[in-house]
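Right, one structure below, let's go through it.
Just the heavy atoms: all of them, side chains too, but no hydrogens, waters or symmetry mates, feed the values below.
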Amino acid sequence: PKQPVFYVLAVEILLELGEYDGAKQLRETALTLSNAGEVSGEASHFHGMQTLVARCKAALCLQSGNMDMAGTFIAEALHGNSYDEIALNLFCEVYAKESPKELAIRLCAFFDKDENALRYLLRWAEHSGRIRLYLEFSRLFVAVGGTQPVRTKLYEKVSQRGISETCDD
């Protein structure tokens with residue numbers, strides 16, 4: 001096979017089987033083929049697969065407790081596609097011990113520094129149930145010139161008093 005995508009899929013299978021040495025070797029083959037340029041005339045979606053492989057590796061490292069390597073691989077995945085919601089959630093798991101403010105700053109590093117990126121991060125945090133992170137993104141959004149998101153005050157109450165007390169109001 002001349003297509004790097006073949007090797008990427010094989011890497012994913014080997015990672016699932018826990019065969020890290022074989023996966024590493026095939027990953028290097030895939031990268032070599034990718035860097036050599038397309039010569040077969042066949043279509044390939046290899047670059048999209050790199051994010052998937054990095055995300056899979058991060059998840060495996062997270063499961064085995066190797067947080068340093070998980071952090072390295074999840075950063076690689078987010079550099080490939082910062083809008084990958086699975087990767088964003090894995091990032092939050094890897095750095096779960098950090099404060100919401102630190103986590104928000106780390107996540108913003110993978111995005112453009114503008115209102116549109118922060119709008120996306122606000123939606124993602126809200127849909128993922130990461131209310132404290134939503135509040136940090138809200139503060140950053142206002143700092144870059146945006147208006148305060150509508151649900152900020154509600155989430156501040158929930159964060160301070162809990163959902164049952166907030167609903168009683």
Atom of [X], atom of [Y] and distance for their closest heavy-atom approach:
X	Y	result
Cys108	Lys113	O-NZ, 3.2 Å
Ser159	Leu135	CB-CD1, 3.9 Å
Phe110	Ala75	CE2-O, 3.7 Å
Leu103	Glu98	N-OE1, 4.0 Å
Ala117	Asp112	CB-O, 3.2 Å
Pro100	Leu133	O-CD1, 3.5 Å

CZ/Arg139: more than 12 non-hydrogen atoms of other groups inside 6.0 Å: yes

Flag if over 12 foreign heavy atoms under 6.0 Å of NZ, Lys97: no

Do the side chains of [Y] and [X] get nearer than 4.5 Å, heavy atoms only?
X	Y	result
Tyr95	Met67	no
Arg130	Asn89	yes
Leu121	Phe141	no
Leu88	Ser82	no
Lys101	Ser99	yes
Tyr155	Pro149	no

Quick check: is [Y] connected to [X] through a chain of hydrophobic side chains (ILVMFWY, heavy atoms under 4.5 Å apart)?
X	Y	result
Leu140	Tyr83	yes
Leu154	Phe137	yes
Ile105	Val144	no

Could you state the interatomic distance from [atom1] ([X]) to [atom2] ([Y]), rounded to the nearest 0.5 Å?
X	Y	atom1	atom2	answer
Cys92	Leu107	SG	CG	5.0 Å
Arg151	Lys157	CZ	NZ	15.0 Å
Leu118	Arg123	CG	CZ	11.0 Å

Cationic N near anionic O, under 4.0 Å, Arg119 to Glu115: yes

Set of residues satisfying side chain to side chain contact (heavy atoms under 4.5 Å, CB included) with respect to Ala87, sequence neighbours excluded: Arg55, Ile74, Ala77, Leu78, Asp84

Main-chain N/O of Trp124 paired to Ser128 side chain as donor or acceptor, under 3.5 Å: yes

CA sep, side-chain torsions, deciding dist, call: Thr152, Val142, side chain to side chain contact (heavy atoms under 4.5 Å, CB included): CA-CA 11 Å; Thr152 301; Val142 171; over 6 Å; no

Sequence-distant partners of Glu102, salt bridge (Lys or Arg N to Asp or Glu O under 4.0 Å), two or more places apart: none

Worked verdict on His127 versus Glu85 for side chain to side chain contact (heavy atoms under 4.5 Å, CB included): CA-CA 10 Å; His127 292 182; Glu85 292 187 8; 6.0 Å; no

Arg106 NZ/CZ over Phe91 ring centroid, <6.0 Å and within 45° of normal: no

Under 4.5 Å side-chain linkage, directly or through intermediates, the cluster mates of Phe73: Met69

